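Everything on this sheet refers to the single structure shown next.
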Amino acid sequence: MFIPYSRQWIDDDDINEVTKVLKADFITRGLKTPEFEERLAEFCGAKYCVVFNSGTSALHGAYFVLGLAKGDEFITSPNTFVATSNTGLYLGAKPVFVDVEKDTGNIDVSKIEESITGKTKLIAPVHYSGHPADLEKIHGIAQKNNTFVIEDACHALGAEYKGQKIGSCKYSDMTIFSFHPVKHIATGEGGAVLTNSADYRERLRMFRSHGVTKSKFIDEPHGSWYYEMQFLGYNFRITDIQAALGISQMKKIDLFVKRRRQIAENYNEAFKDNPYFDLPAEKDYARSSYHLYPLRLKDKYKHNKSDIFSNLRERGLGIQVHYMPVYLHPYYRSLGYKKGLCPLAEDFYQREISIPLYPAMKDDDVKKVVNEIIDIIKRKK
Ligand SMILES: *Cc1c(COP(=O)(O)O)cnc(C)c1O
C-alpha cells in the first residue's frame, strides 16, 4: 500500500454540502463565498478575508494591492514553493533571497536587514512546514525600514505565533493561505488573503474580478446597471461549489491540526536520539500546524539521500523533498541567480526529506513509516 506524504480528508458531510450547491441557483458568486470568507476571518482572528481560486492568485493579489511593481525588490525565503517569488516576478519586481535557519528552515531574521535597500518594498516570510517565522522581529525590521510584511502561510493554517493564530495579521499587512489538497483544508484549488484593512479588502476583491467595482466610481454612474473597471485585474474568483467544501472543511480544522500534531509527536518519540537524522524544531514562540514533518539527514548520511529516497519510495512511502532553493531552478538562474547564494538553504535541501503526515493517517501507517525509515537508513554507511 502506498502512503502519500499528504492528502485531503473528504467525508460525507463535505460531499453533501457540495451537492447542495450543485442543486442551488448559484454555483458561483452566491452566498457560499462570503460565508467561507467569514469563517476564515473568524478562525484566524482577522477582520477581513478575500478568497481566491488558488494560493498563487492570492499571493499575486496581495503583492499587487501593496503596489509591488517594476523597480521594487522584495525579500523572501529560498526554501519555499516557487509561487512565493513567481508572483512578485509577474509584477516586474525582483526577489531577494535571504538564507534560512538551520533547524526550522525559516528565513533567518538576523540576516534580513543586511539585504534591505532603498528599493525594498516588502518582506514575505514563509512559515515553512507550518512552523511560524519569528514575526514580531520581522515586523520590527519592517517598521524601522518602512516596508510591508506579507506572510506566505500556505503551510500554516491553524498554526500559532506567541499564542496568536497565524492569519490574525497582528504583525503583518496580509496573510496568504492555500487550499490545495495537500494543505490543511482542501477546496480542490483555492486560496485566501487575510487582512485587517478594509481598503486592501476592497482592492483585493477588484483584483480578483477584472479590476471592476460597483461602488466608489471615478465617473458619474449612467444608471443602476453601471460598473467601472479601474485597473487591470484578473478572473481569480473561486466557485461557490469550492467555497461550500471549504466551509465544511473548516468545521474540522481543529481536528485536522490536532491529529497532525499528534502524529508529529509520535514521530518525535519514535525517532528520539536516533543517530541518522535531526528532527524538526519547534521554537518556544511557535505552535506548528505540521503541514510537513521535515527530517534532516546528518553529515554521514546526507550523501546517500538519493538512495535513501529511492529505497523508501520502493517500500511504498510517498516521501517528498521541500525544497530545492527557488533560485536554483533553471528559470531563476537565467535571471542571474547563482548557486552559493544561500548556503544554508542549499545544505538544508541536501539533507531534507518530508515523511508522510496527514490527518487520515492511521497509527499503523505511522508505525510502518517509522520502521521502514530506520530499516532503510541503518543499512547506509
Ligand atoms: C502551496 C503553496 C503555494 C501556492 O498555493 P496554490 O494554492 O498551489 O497556488 C504558495 N506558497 C507555498 C509556500 C505553498 O506551499
Side-chain angles (χ1 to χ4, degrees), residues 4-8 36 40 49-64 68 74-91 95 97-98 100 104-107 122-133 135 138 149-159 166-167 172 174-194 204 207-208 234-239 242-243 245-246 249 256 260 280 288-294 320-327 329 332 345 348-349 352 354 357-358:
Y5 89 90
S6 188
R7 61 159 293 150
Q8 72 279 13
F36 185 30
L40 285 163
C49 173
V50 181
V51 289
F52 281 79
N53 61 2
S54 71
T56 303
S57 54
L59 273 165
H60 189 181
Y63 291 162
F64 174 88
L68 189 70
F74 63 106
I75 288 176
T76 191
S77 166
N79 187 29
T80 186
F81 184 56
V82 292
T84 316
S85 50
N86 284 357
T87 42
L89 289 178
Y90 297 163
L91 296 164
F97 296 101
V98 167
V100 300
T104 63
N106 276 332
I107 194 165
L122 64 90
I123 306 169
V126 178
H127 304 314
Y128 172 78
S129 79
H131 185 294
L135 284 171
I138 294 170
V149 178
I150 291 190
E151 299 169 58
D152 181 341
C154 290
H155 293 188
L157 185 62
I166 289 298
S172 66
M174 290 181 245
T175 302
I176 315 305
F177 294 110
S178 162
F179 311 128
H180 181 280
V182 298
K183 310 288 167 71
H184 291 80
I185 64 163
T187 63
E189 297 282 354
V193 183
L194 279 292
L204 285 164
F207 183 80
R208 175 175 71 179
Y234 294 81
N235 179 354
F236 283 162
R237 297 186 303 260
I238 198 167
T239 64
Q242 293 165 292
L245 180 54
Q249 291 265 295
F256 289 168
R260 281 179 177 275
S288 176
S289 55
Y290 286 101
H291 164 56
L292 305 173
Y293 191 90
Q320 281 287 356
V321 171
H322 299 94
Y323 291 95
M324 175 163 93
V326 169
Y327 61 82
H329 284 281
Y332 278 82
F348 194 92
Y349 169 56
E352 199 272 347
S354 303
L357 205 181
Y358 51 96

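For clarity, every value in this text was computed on a predicted model and none was experimentally measured. All ligand and atom numbering here is 1-based and tracks the order in the structure.
- Backbone and side-chain nitrogen or oxygen atoms of His180 are examined, and none is located within less than 3.5 angstrom of a nitrogen or oxygen of ligand 1.
- Under the 6.0 Å cut-off for aromatic ring centres, Tyr128 and His322 do not qualify, their centroids lying 6.0 Å or more apart.
- For ligand 1, the atoms lying closer than 4.0 Å to a non-hydrogen atom of Thr80 are 13 (C).
- Taking atom 8 (O) of ligand 1 as the reference point, the nearest protein heavy-atom neighbour is Ser178 OG, 4.0 Å.
- Here the side chain of His184 pairs a donor or acceptor atom with the backbone of Ser289 at under 3.5 angstrom.
- Ligand 1 has at least one atom lying under 4.0 Å from a heavy atom of Gly190.
- Remark: the backbone N or O of Leu194 is not paired with any side-chain donor or acceptor of Thr175 at under 3.5 angstrom.
- A 4.5 Å side-chain heavy-atom check between Thr84 and Tyr323 finds every atom pair outside the cut-off.
- Looking at atom 3 (C) of ligand 1, its nearest protein heavy atom turns out to be Cys154 SG, 3.7 Å.
- For Tyr332 and Asn86, the side-chain atoms include at least one donor-acceptor pair closer than 3.5 Å.
- Here the side chains of Phe52 and Leu204 are in contact, with some heavy-atom distance below 4.5 Å.
- Closest to atom 4 (C) of ligand 1, if we only count protein heavy atoms, is Thr56 OG1, 3.6 Å.
- Under a 4.0 Å criterion applied to the non-hydrogen atoms of Thr84, ligand 1 contributes the atoms 11 (N).
- The shell of residues lying under 4.0 angstrom from ligand 1, judged by heavy atoms, includes Tyr323.
- Contacts with ligand 1 closer than 4.0 Å are made by side-chain heavy atoms of Lys183 only, the backbone lying farther away.
- At a heavy-atom cutoff of 4.0 Å, ligand 1 is contacted by the side chain of Asp152 but not by its backbone.
- Listed for the Thr76 side chain is a donor-acceptor partner under 3.5 Å among the backbone atoms of Ala124.
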